Every structure is written in C-alpha cells, then in structure tokens.
Amino acid sequence: MSATYTTLQSDIQPASQERVAFVDGRIGKVFTAFVDTTYDLKEGDEIRVGSKKYAVKGVSRWQGAGLLDHQELTLTSQDA
C-alpha cells in the first residue's frame, strides 16, 4: 500500500546524471526533491504536484550534525 501526498512543501529539481543512472531512468524523468522530516515518506509513495505525478524511488533522511533536518527524495515522473 502506498500513500499519495498532495499538500507538502518541497523543492523539486532535475536529478543529476549519476542519480538518473542509479535508478535506470531517463534524463527529464528523474528528479530530486527536498522535503521536511515531518512527512513519513517511503519508496512506492506517490506525490502529485498539480496534474503531475511522481513515484518515490528513494528516501534519504538527513538529521543532526548541525544540518537543517530534511529528507532527500528520488522521484520518477509518472506522466506519459
């Protein structure tokens, strides 16, 4: 079972070539997003931004050590 998130503050950017290769994706279809740690995101969840849909392919949590706590997501576009 996966959750669909429609209202969360995030910064979505095109992914690096290394990250695209890591998920065996295509340039323009893989993105990196940064969100707050208060969301319980997992691989397989779906994020919608307007009419665009993204599948969560990876979640890294960054906390402590003087960092601004956040989650770094790897997303793939589900649009045709």
Side-chain angles (χ1 to χ4, degrees):
M1 180 173 231
S2 68
T4 298
Y5 290 87
T6 56
T7 55
L8 57 90
Q9 299 250 343
S10 67
D11 176 24
I12 299 175
Q13 304 173 6
S16 66
Q17 290 182 347
E18 291 83 8
R19 188 168 298 221
V20 171
F22 184 74
V23 298
D24 198 27
R26 293 188 348 237
I27 292 176
K29 292 288 189 177
V30 182
F31 298 86
T32 301
F34 301 92
V35 300
D36 194 81
T37 57
T38 57
Y39 304 109
D40 184 27
L41 293 162
K42 299 180 257 342
E43 289 183 25
D45 286 349
E46 183 177 275
I47 295 175
R48 293 180 188 207
V49 179
S51 62
K52 295 189 70 62
K53 292 187 256 181
Y54 301 94
V56 177
K57 295 294 183 182
V59 179
S60 297
R61 289 175 176 78
W62 300 91
Q63 296 176 293
L67 297 173
L68 178 61
D69 295 351
H70 68 282
Q71 296 178 83
E72 185 175 339
L73 311 175
T74 301
L75 307 175
T76 56
S77 174
Q78 300 301 298
D79 298 328

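Here the structure is a predicted model, which is why all the values come from computation and not from measurement.
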Enquirer: Indicate the atoms forming the closest heavy-atom contact of Glu43 with Val59, along with that distance.
Expert: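 Nearest heavy atoms, Glu43 then Val59: N-CG2, 4.2 Å.
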Enquirer: Answer yes if Phe22 and Ile27 sit in the same cluster of Ile, Leu, Val, Met, Phe, Trp and Tyr residues linked by side chain heavy atoms under 4.5 Å apart, and no otherwise.
Expert: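 Same cluster: Phe22 reaches Ile27 through Ile, Leu, Val, Met, Phe, Trp or Tyr contacts under 4.5 Å.
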Enquirer: For a quick test of reading the model, state the closest non-hydrogen atom pair linking Ile12 to Phe31 and the distance between them.
Expert: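 Residues Ile12 and Phe31, closest heavy atoms: CG2-CB, 3.8 Å.
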Enquirer: Could you report the tightest heavy-atom contact between Arg61 and Asp40, atom names first, then the distance?
Expert: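 For Arg61 versus Asp40, the nearest heavy atoms are NH2-OD1, 4.1 Å.
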Enquirer: So how far is it from Lys53 NZ to Leu75 CG, rounded to the nearest 0.5 Å?
Expert: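 Answer for the NZ-CG pair, Lys53 versus Leu75, is 14.5 Å.
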Enquirer: Is the backbone N or O of Thr76 less than 3.5 Å from a side-chain atom of Gln78, with the two atoms forming a donor-acceptor pair by type?
Expert: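 Pair found, side chain donor or acceptor close to backbone of Thr76.
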Enquirer: Do Tyr39 and Ile47 belong to the same hydrophobic cluster, where Ile, Leu, Val, Met, Phe, Trp and Tyr are linked whenever their side-chain heavy atoms lie under 4.5 Å apart, directly or via other members?
Expert: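 Same cluster.
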Enquirer: Determine the minimum heavy-atom distance between Asp69 and Gln63, stating which atoms define it.
Expert: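 Nearest heavy atoms, Asp69 then Gln63: OD1-CA, 3.2 Å.
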Enquirer: Tell me the closest heavy-atom pair linking Thr74 and Arg19, and the distance in Å.
Expert: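 Here Thr74 and Arg19 meet closest at OG1-NH1, 2.9 Å.
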Enquirer: Looking at every non-hydrogen atom in both residues, tell me the closest pair between Trp62 and Glu72 and how far apart they are.
Expert: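 Scanning both residues completely, I find the closest heavy atoms to be NE1-OE1, 3.4 Å.
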Enquirer: For Ser60, does its backbone N or O pair with a side-chain atom of Gln71 as donor and acceptor, under 3.5 Å?
Expert: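 No.
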Enquirer: Are Thr32 and Leu73 packed together at the side-chain level, in the sense that at least one heavy-atom pair is separated by less than 4.5 angstrom?
Expert: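 When only atoms from C-beta onward are counted, Leu73 and Thr32 do not touch, as no gap falls below 4.5 Å.
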Enquirer: More than 12 heavy atoms of other residues, nucleotides or ligands under 6.0 Å from CG of Asp24: is that the case?
Expert: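 Open: at most 12 neighbouring heavy atoms sit under 6.0 Å from CG of Asp24.
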Enquirer: Given side chains that start at C-beta, do those of Lys42 and Val56 come closer than 4.5 Å, heavy atoms only?
Expert: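 Contact flag for Lys42/Val56 side chains = no.
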Enquirer: Kindly check if the number of other-residue, nucleotide or ligand heavy atoms within 6.0 Å of CZ (Arg26) is above 12?
Expert: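 No, not enclosed.
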Enquirer: Going hydrophobic residue to hydrophobic residue with side-chain gaps under 4.5 angstrom, can you get from Leu41 over to Tyr54?
Expert: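 Both belong to a single hydrophobic cluster.
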